[in-house]
**Student:** 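Please read through the structure below; I'll follow up with questions.
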Amino acid sequence: MSPQQVRSIGMRIQDKVRTHFGWSLTSDQNSAQSLLEHVQSHSSTISIWSKEEREQSILELQERIFLGPIAAVGAAVDYNEILEALESEHRFIFADGALGIIEEFDENLQEEIWMRTLALVTDADGHPYISKAIERKVLHILHAHGDNQEDWNNLLKKISQIIDPPRLILTHQTPDRIDGMLNPGGFTDGDRTICLIGFLGIPIQQITLLGFRSDIVGRWSGSTDPKRKLRKLKFMQEVIDGLIEGGMK
């Protein structure tokens, strides 16, 4: 499946979600443009946030995901899933608060997990766990949508004030071409993580999925309305099913 096919599947779900919940495309567009402007305003003092450096971050991530087995980690992940992935030498891209699972391991295994963590896909609400990713300088794939402007703004304020902030890749969920941002497809942090890996060239059949459940609200989902979250997870599952079906053709 080509990157364009992955994105097409994921973007169709974005449109369906907006229609289902009655959310405004304009709100998504405004958030995306504002995030881009905020990051660009910081790039004069934080050189690794410049457009050129963000593009370099994409290339470097793409190179790293091809070096061995890769796992996308969702909010329902448990201890044994991570342990088995460690034993089979996987590297990890975490979806937002799923990082919290790392704290369940002893210090040595925590260190190993962090060393194998390539990136964090986040819409900036996975607190308090994403603070650890900041400390570890993990690449942040920061997402803009219509109702998270306060969240990403607070995150940027925090990480722009530290001496050595993490690198950034910016994503959005609009049909527009936005220079300096990606839309790999997907809606939740979880399925967007899968879409991103597929968009960067890894066949869906080769992505190990850890902690992806649509029948329960994952332990690491954070504070949320359970009924509403389950509705969102049905769309997440639709993305996953679409990618799997498309990958089999």
Side-chain angles (χ1 to χ4, degrees), residues 3 7 30-68 70-73 91-99 102 110-145 148-174 176-186 189 192-193 195-202:
R7 178 164 54 190
N30 290 342
S31 182
Q33 289 291 345
S34 184
L35 173 59
L36 181 61
E37 291 169 6
H38 273 67
V39 170
Q40 289 176 333
S41 71
H42 285 294
S43 64
S44 60
T45 54
I46 306 175
S47 61
I48 58 172
W49 289 5
S50 69
K51 178 176 179 291
E52 294 74 20
E53 287 294 330
R54 297 199 309 275
E55 290 175 349
Q56 183 62 32
S57 293
I58 296 171
L59 294 175
E60 291 176 0
L61 177 61
Q62 188 171 34
E63 290 176 358
R64 295 182 72 190
I65 65 173
F66 279 97
L67 295 178
I70 186 75
V73 186
R91 284 86 35 69
F92 305 103
I93 296 182
F94 281 88
D96 213 37
L99 283 168
I102 300 177
Q110 284 189 31
E111 189 63 31
E112 185 173 356
I113 296 168
W114 282 115
M115 289 178 62
R116 295 192 190 185
T117 297
L118 304 187
L120 169 68
V121 173
T122 181
D123 61 0
D125 68 353
H127 303 294
Y129 308 112
I130 60 176
S131 295
K132 297 291 185 181
I134 297 171
E135 294 173 11
R136 292 280 181 160
K137 309 298 184 291
V138 172
L139 169 65
H140 279 50
I141 301 169
L142 182 57
H143 185 70
H145 58 76
N148 79 327
Q149 294 193 52
E150 182 177 357
D151 289 330
W152 62 245
N153 190 41
N154 289 338
L155 180 64
L156 284 181
K157 284 181 179 178
K158 179 177 181 179
I159 62 178
S160 65
Q161 293 172 0
I162 64 179
I163 295 175
D164 186 16
R167 299 180 74 90
L168 294 178
I169 294 171
L170 305 181
T171 61
H172 66 97
Q173 58 186 43
T174 83
D176 306 327
R177 176 180 175 82
I178 303 178
D179 193 25
M181 303 186 82
L182 292 177
N183 182 354
D189 290 314
R192 191 165 57 254
T193 300
C195 285
L196 176 75
I197 297 171
F199 180 77
L200 293 178
I202 299 294

**Student:** Is the shortest heavy-atom distance from the side chain of L36 to the side chain of H172 under 4.5 Å?
**Tutor:**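 SC-SC contact between L36 and H172 ruled out.
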**Student:** Taking all heavy atoms of R192 and all of P184, pick out the closest pair and write down the distance.
**Tutor:**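 Scanning both residues, the minimum pair turns out to be CG-CG, 4.3 Å.
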**Student:** Are any side-chain N or O atoms of R91 and backbone N or O atoms of G68, one a donor and one an acceptor, separated by less than 3.5 Å?
**Tutor:**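 The answer is yes, because a donor-acceptor pair under 3.5 Å joins these two groups.
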**Student:** What are the two closest non-hydrogen atoms of G186 and C195, and how far apart are they?
**Tutor:** N-SG, 3.7 Å
**Student:** On a heavy-atom basis, which atom in A144 and which in M181 lie closest, and how many Å separate them?
**Tutor:**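 The pair with the smallest heavy-atom distance is CB-CE, 4.5 Å.
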**Student:** Check side chain to side chain contact (heavy atoms under 4.5 Å, CB included) between K137 and all other residues, then give those that pass, not counting sequence neighbours.
**Tutor:** D164
**Student:** Is a side-chain donor or acceptor of R167 paired with a backbone partner of E53 at a separation under 3.5 angstrom?
**Tutor:** yes
**Student:** Compare every heavy atom of S31 with every heavy atom of W152, then report the nearest pair and how far apart it is.
**Tutor:** NE1-OG, 3.0 Å
**Student:** Quick one: do E55 and K51 make a salt bridge, cutoff under 4.0 Å?
**Tutor:** yes
**Student:** Which heavy atom in I202 sits nearest to a heavy atom in I65, and how many Å separate them?
**Tutor:** CG1-CD1, 3.5 Å
**Student:** Out of the candidates L156, I134, V121, only one should pair with H140 under the side-chain contact (heavy atoms from CB on, under 4.5 Å) rule; please name it.
**Tutor:** I134
**Student:** What distance do I141 atom CD1 and L196 atom CG have between them, rounded to the nearest 0.5 Å?
**Tutor:** 4.5 Å
**Student:** Any side-chain heavy atom of L155 sitting closer than 4.5 Å to one from D151?
**Tutor:** no
**Student:** With a 4.5 Å limit on heavy-atom distance, are the side chains of L139 and L118 in contact?
**Tutor:** no
**Student:** Would you check if the side chain of D189 reaches a backbone N or O of D123 as a donor-acceptor pair within less than 3.5 Å?
**Tutor:**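 Yes: the side chain of D189 pairs with the backbone of D123.
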**Student:** Tell me, do W49 and I159 make a side-chain contact under 4.5 Å, heavy atoms counted?
**Tutor:**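 Touching, per the 4.5 Å side-chain cut-off.
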**Student:** At what distance, to the nearest 0.5 angstrom, does CD of E150 lie from CG of N154?
**Tutor:**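 Taking CD in E150 and CG in N154, the distance rounds to 5.5 Å.
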**Student:** Quick one: closest heavy-atom pair of T193 and A72, and the distance?
**Tutor:**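 In terms of heavy atoms, the two residues are closest at CG2-CB, 3.8 Å.
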**Student:** Measure the shortest side-chain to side-chain distance between F199 and I58 over non-hydrogen atoms and say whether it is less than 4.5 angstrom.
**Tutor:**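 No, every pair of side-chain atoms sits at 4.5 Å or beyond.
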**Student:** Got a second to check how far R116's CZ is from R64's CZ, nearest 0.5 Å?
**Tutor:** 12.5 Å
**Student:** Would you say the side-chain atoms of H143 and T171 include a donor-acceptor pair closer than 3.5 Å?
**Tutor:**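 Their side chains do contain a donor-acceptor pair, which is all the 3.5 Å distance test asks for.
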**Student:** Starting from the C-alpha separation in whole Å, work towards a yes-or-no answer on side-chain contact (heavy atoms from CB on, under 4.5 Å) for L170 and I178.
**Tutor:** CA-CA 10 Å; L170 305 181; I178 303 178; over 6 Å; no
**Student:** Indicate yes or no: at least one non-hydrogen side-chain atom of F66 is less than 4.5 angstrom from one of L200.
**Tutor:** no
**Student:** Could you tell me the separation between the CZ atom of F92 and the OG1 atom of T117, rounded to the nearest 0.5 Å?
**Tutor:** 6.5 Å
**Student:** What do the steps show when you test T122 against F94 for side-chain contact (heavy atoms from CB on, under 4.5 Å), and what is the final call?
**Tutor:** CA-CA 9 Å; T122 181; F94 281 88; over 6 Å; no
**Student:** So, do L59 and Q62 sit near enough that their side-chain heavy atoms are less than 4.5 Å apart?
**Tutor:**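 Of all side-chain heavy-atom pairs linking Q62 with L59, at least one is under 4.5 Å.
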**Student:** In Å and rounded to the nearest 0.5 Å, what is the CD1 to CD distance from I102 to E111?
**Tutor:**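 One gets 10.5 Å once the value is rounded to the nearest 0.5 Å.
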**Student:** When rounded to the nearest 0.5 angstrom, what distance separates NE2 in H42 from CG in L168?
**Tutor:**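 So the NE2 of H42 and the CG of L168 are separated by 10.0 Å.
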